[in-house]
Amino acid sequence: METRNETLSTDFILLGLFPGMRHTGILVSVILLIYTIAITGNTTLILLIWADSRLHTSMYFLLSQLSLIDLAFISSIVPKMAVNFFSGKKKISLISCGTQIFFTLTLGIAECILLTLMSYDRYVAICHPLKYPIIISHRVSQQMAVGSWLGGALASLVHTAYSMHFPLCGTRELHHFFCEVKAILKLSCEDISAYEKGVVVTSIIVVLLPISLILSSYTLIFHQVLKMNSPEGRKKALATCSSHLTVVIFYYGPAMLIYMRPGSSHTPILNQALFMFDTILTPMLNPLIYSLRNREVMGSIKKMLLRCSISK
């Protein structure tokens, strides 16, 4: 009866994680554990970069922005999903759904832009180290961060407003664990083929163009690294680049499969798994990848733990 009343209202019904799956409670509990680790890891990394003067460089400033995006990204999805699961209520209002779409798109696109700019930062640092303080000054790194956030917000505003204006037919059931554009469009009464072409164009701009720029940067970086005479310098450069490349692969891989795979709209279960990796697992993994493979960050963590033990 409650589900029928929800269906007749203007609210959407989120069917949640893998509808029909047994032991969903265990999966939600694991996701909440991942959420806790992601919040702790990203918050710790942001505080370390803010507190340690040795980390007051453009590279670490951009890294702190990545952690901030990841914090907001996972927090825009997991809490609402957990509340719906434990309360037994699957509905989400039209305004809340539109708000969630706006923020998830903003943060997703902002991360694409920021990862691209971070690859350029590494290119300048390794290929033009003497000019690095001039080319990537603190002001320039701030402009990079602001550009990432604004670019994501503007692109998201257009897509959110356009996708939410379509009239919807039938039940408002979304085969998803959060409000997502492609899931909303499947409920539309109108022909949305023209808009879907626009989504493909946006995907090329947001996904393929950044990937091309990142690959170009790393082609030049690896060429420069191979010419280095110092094994220590080569090892340090590769360690920094490998962390960023791992993050890029983890983030862009699922995104390309979701938005650029032919017939992806007909595989909702696979899409949910890819979205889980992109929006939940990646925000947890990013601070771990950058921390465990970075001497400066690990040194800052040891310094902080030493201070805590001395104060006790």
Side-chain angles (χ1 to χ4, degrees), residues 30-51 55 58-82 99-119 121-122 141-142 144-153 155-156 177-180 206-207 210-211 214 240 242-256 258-259 272-294 296-298 300-301:
V30 171
I31 289 174
L32 288 176
L33 177 60
I34 292 172
Y35 178 63
T36 304
I37 296 172
I39 293 294
T40 304
N42 285 291
T43 302
T44 301
L45 193 55
I46 292 171
L47 292 176
L48 281 175
I49 294 171
W50 175 76
L55 303 181
S58 297
M59 182 185 82
Y60 289 109
F61 172 74
L62 294 176
L63 180 55
S64 70
Q65 292 299 304
L66 179 64
S67 288
L68 187 60
I69 289 173
D70 284 337
L71 267 176
F73 206 176
I74 194 170
S75 296
S76 66
I77 293 174
V78 173
K80 176 61 178 174
M81 179 195 70
T99 302
Q100 192 175 56
I101 288 176
F102 172 76
F103 279 109
T104 53
L105 278 178
T106 295
L107 296 163
I109 296 171
E111 186 155 342
C112 286
I113 298 171
L114 187 63
L115 287 173
T116 307
L117 295 174
M118 288 174 74
S119 70
D121 171 82
R122 291 298 82 208
S141 62
Q142 287 179 331
M144 287 179 171
V146 171
S148 300
W149 286 94
L150 284 179
S156 174
F177 56 92
F178 73 102
C179 279
E180 189 265 331
V206 173
V207 178
I211 281 287
I214 291 170
T240 305
S242 63
S243 297
H244 181 257
L245 269 178
T246 304
V247 170
V248 167
I249 292 169
F250 281 172
Y251 185 74
Y252 276 98
M256 292 177 71
I258 292 169
Y259 290 105
Q272 280 202 30
L274 293 170
F275 269 112
M276 279 185 60
F277 192 93
D278 230 10
T279 62
I280 297 174
L281 274 178
T282 300
M284 179 197 72
L285 293 173
N286 285 354
L288 297 177
I289 292 169
Y290 273 104
S291 299
L292 297 177
R293 305 199 65 177
N294 190 295
E296 286 85 358
V297 174
M298 290 303 296
S300 183
I301 292 173

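Excluded from the calculations below are hydrogen atoms, water molecules and symmetry mates; all remaining heavy atoms, backbone and side chain alike, are included.
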Nearest-0.5 Å distance that lies between atom [atom1] in [X] and atom [atom2] in [Y]:
X	Y	atom1	atom2	value
His244	Leu66	NE2	CG	8.0 Å
Leu105	Cys179	CG	SG	11.5 Å
Ser141	Leu63	OG	CG	12.5 Å
Glu111	Thr106	CD	OG1	13.0 Å
Tyr60	Leu45	OH	CG	9.5 Å
Ile258	Leu274	CD1	CG	5.0 Å

Side chains of [X] and [Y] in contact at under 4.5 Å (non-hydrogen atoms):
X	Y	answer
Met118	Met144	no
Ile39	Thr36	no
Ser148	Leu117	yes
Val30	Ile34	yes
Leu245	Phe250	no
Trp149	Leu114	no
Val297	Ile49	no
Phe177	Gln272	yes

Which pair of heavy atoms, one from [X] and one from [Y], lies closest together, and at what distance?
X	Y	value
Leu32	Ala82	CD2-CB, 3.8 Å
Tyr35	Ser75	OH-OG, 3.1 Å
Ala38	Ile74	CB-CD1, 3.8 Å
Thr116	Ser119	O-OG, 2.5 Å
Ile46	Ser67	CG1-CB, 3.7 Å

Given 3.5 Å as the limit, does a donor-acceptor pair link the side chain of [X] with the main chain of [Y], or not?
X	Y	result
Gln100	Ser76	yes
Ser243	Tyr290	no
Ser156	Ala153	no
Gln65	Ala145	no
Thr104	Ile101	yes
Tyr251	Gly108	yes

With sequence neighbours excluded, tell me which residues meet side-chain hydrogen bond (donor to acceptor under 3.5 Å, both in side chains) with Ser58.
none
Please tabulate, one pair per line, all N/O donor-acceptor pairs under 3.5 Å involving side-chain atoms of residues 276-286, not counting sequence neighbours.
from   : atom 1 : to     : atom 2 : distance (Å)
Thr279 : OG1    : Phe275 : O      : 2.6
Thr282 : OG1    : Phe277 : O      : 2.8
Asn286 : ND2    : Asp70  : OD2    : 2.8

